[in-house]
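When reading the values below, keep in mind they use all heavy atoms of this one structure, side chains included, and skip hydrogens, waters and symmetry mates. Note that this is a predicted model, so its numbers are computed, not measured. Here is how names work: the chains are called A, B, and so on, in the same order as the sequence lines, proteins then strands, and each is numbered from 1.
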2 protein chains.
Amino acid sequence: MGRSAEVGTDWQGRLRSRGYRLTPQRQLVLEAVGALGHGTPEEIASAVQERSAAVSVSTVYRTLELLEQIELVRHTHLGHGAPTWSLADDHEHVHLKCRDCGGVEEVDPAVFAPTVRALQEARGFTVDVGHFAVFGRCRECTAALGG
Amino acid sequence: MGRSAEVGTDWQGRLRSRGYRLTPQRQLVLEAVGALGHGTPEEIASAVQERSAAVSVSTVYRTLELLEQIELVRHTHLGHGAPTWSLADDHEHVHLKCRDCGGVEEVDPAVFAPTVRALQEARGFTVDVGHFAVFGRCRECTAALGG
DNA sequence: TTATATGCAAACCCTTTGCAATTCC
DNA sequence: GGAATTGCAAAGGGTTTGCATATAA
């Protein structure tokens, strides 16, 4: 949380080259995602509004969708609530979500390499390991179960 | 879809032994999940209502939660919409969801064995492979991308 | 100038909740 | 009889949409 990342320098070009306009809102959203590291649309909207009062939530949603299309940001589903957004070129990782305590830990995507390879070969399916969290029970909660 | 499964015979005992009551609504929900194979709360409610007109949606939600606690049903998040519920003792599988066409295919959980083992050893994290779908791009959509 | 982007408010989907009436045990 | 369960309707979170206004190019 709060780990900040640099926004890449080519974002203006990525927008322009596809005929999209460069607006203050888009810049602010992109910077907020970078500054937050992870954030829900609500959190991103708050961060943006600290800098510019009246940026609407709809604009945040529309902007995130747009920025995702041009691969500047991505989002992950951690569970029931809102998804969390981060910069696309930030260090990728997989989220482990505990069913009992609700805690989220991060793990290197390399752990999934054998599975990713197997699905590619068996099904021609190219996995995006980070999009959904991995669900289960963490060490502490397993221990607390007393088993 | 629509693949039906038998509801186990001990469900009445599982409810009673924990002090829960046996109600027509609970039986109907459980049977509907079995008959549907997979279903969203909305779909389950519809199926139930064909048999008994005025079973409310709230009851379906409350019942699914209860039946999950006593491990008679389980649910999976396939993406943005409502989760899909199935019988707990039905053949377990992992869902592969395509980012482009939105299609869902099923795969044997055994594919995840190496990853599950690695997470257990490295983190003490016990994975429930079926709870979230695996996201990516299916063979057809990859081909359609033109190489 | 004008198509694109925004703000606002209302609508939307999915789910939960409070409460009075019902029902299982 | 009394606690557990239900139905209803309202509220809740998260997200999308229609439309008039504003603005980047």
[X] side chain to [Y] main-chain N or O, any donor-acceptor pair under 3.5 Å?
| X | Y | answer |
| --- | --- | --- |
| His95(B) | Glu105(B) | no |
| Glu43(B) | Thr40(B) | yes |
| Gln49(B) | Val55(B) | yes |
| Arg123(A) | Glu106(B) | yes |

Nearest-nucleotide comparison on DNA chain C, the residue closer to the 5′ end among Pro83(B) and Leu66(A):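 Upstream on the strand: Leu66(A).
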
Leu119(A) reachable from Phe132(A) in the ILVMFWY side-chain graph, under 4.5 Å edges: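 Looking at the clustering, Leu119(A) is in a separate group from Phe132(A).
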
Single-linkage hydrophobic cluster, 4.5 Å side-chain cutoff, Leu96(A) and Val127(B) together: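 Same cluster.
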
Ring geometry between His80(B) and His77(A) (parallel below 30°, tilted from 30 to 60°, perpendicular above 60°):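 Ring orientation, 0 to 90° scale: perpendicular.
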
Distance below 4.0 Å between Gln25(A) side-chain N/O and dT23(D) OP1 or OP2: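 No, Gln25(A) has no side-chain N/O under 4.0 Å of OP1/OP2 on dT23(D).
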
dG7(D) OP1/OP2 closer than 4.0 Å to side-chain N/O of Thr59(B):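 The answer is yes; a side-chain N or O of Thr59(B) sits under 4.0 Å from OP1 or OP2.
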
Pro24(A) and Ser52(A), any side-chain heavy atoms less than 4.5 Å apart: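 They are not in contact (no side-chain heavy atoms under 4.5 Å apart), so the answer is no.
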
Interatomic distance where [atom1] belongs to [X] and [atom2] belongs to [N] [whole Å]:
| X | N | atom1 | atom2 | result |
| --- | --- | --- | --- | --- |
| Leu78(A) | dG13(D) | CG | P | 19 Å |
| Arg26(B) | dC25(C) | CZ | C1' | 13 Å |
| Tyr61(B) | dT17(C) | OH | P | 13 Å |
| Leu64(A) | dT6(C) | CG | C1' | 15 Å |
| Gln27(B) | dT23(C) | CD | P | 17 Å |
| His80(A) | dT15(C) | NE2 | C1' | 10 Å |

Check: His93(B) ring centre within less than 6.0 Å of His38(B) ring centre: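 Yes, the ring of His93(B) comes within the 6.0 Å limit of the ring of His38(B), centre to centre.
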
Residue from Val29(B), Leu64(B), Leu36(B) passing side chain to side chain contact (heavy atoms under 4.5 Å, CB included) with Trp85(B):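 Exactly one candidate clears the test, Leu64(B).
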
Between N or O atoms, less than 3.5 Å apart, protein on one side and nucleotides 18-21 of chain C on the other: list the pairs.
none

Under 3.5 Å side-chain donor-acceptor pair for Thr84(B) and Thr76(B):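 No, because no side-chain N or O of Thr84(B) sits under 3.5 Å from a partner of the opposite role on Thr76(B).
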
Gln120(A) and Thr126(A): side chain donor to acceptor below 3.5 Å: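 There is such a pair between these side chains.
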
Selection: residues 42-57 of chain A, any non-hydrogen atom under 4.0 Å of DNA chain C: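 Only Ala54(A), Val55(A), Ser56(A) qualify.
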
Contacting residues from residues 10-23 of chain A, given that a heavy atom lies under 4.0 angstrom of DNA chain C: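 Tyr20(A), Arg21(A), Thr23(A), in order of number.
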
Five-pair end axes of the helix from dT1(C)-dA25(D) to dC25(C)-dG1(D), angle between them (10°):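 So the angle between the two local helix axes works out to 30°.
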
Within residues 50-69 of chain B or reaching into it, pairs that qualify as salt bridge (Lys or Arg N to Asp or Glu O under 4.0 Å) - sequence neighbours excluded: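 For residues 50-69 of chain B: Glu31(B)-Arg51(B).
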
Salt bridge (charged side-chain N to carboxylate O under 4.0 Å, His left out) involving Arg14(B) - partner list, sequence neighbours excluded: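 For Arg14(B), the residues satisfying salt bridge (charged side-chain N to carboxylate O under 4.0 Å, His left out) (neighbours in sequence not counted) are Asp10(B).
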
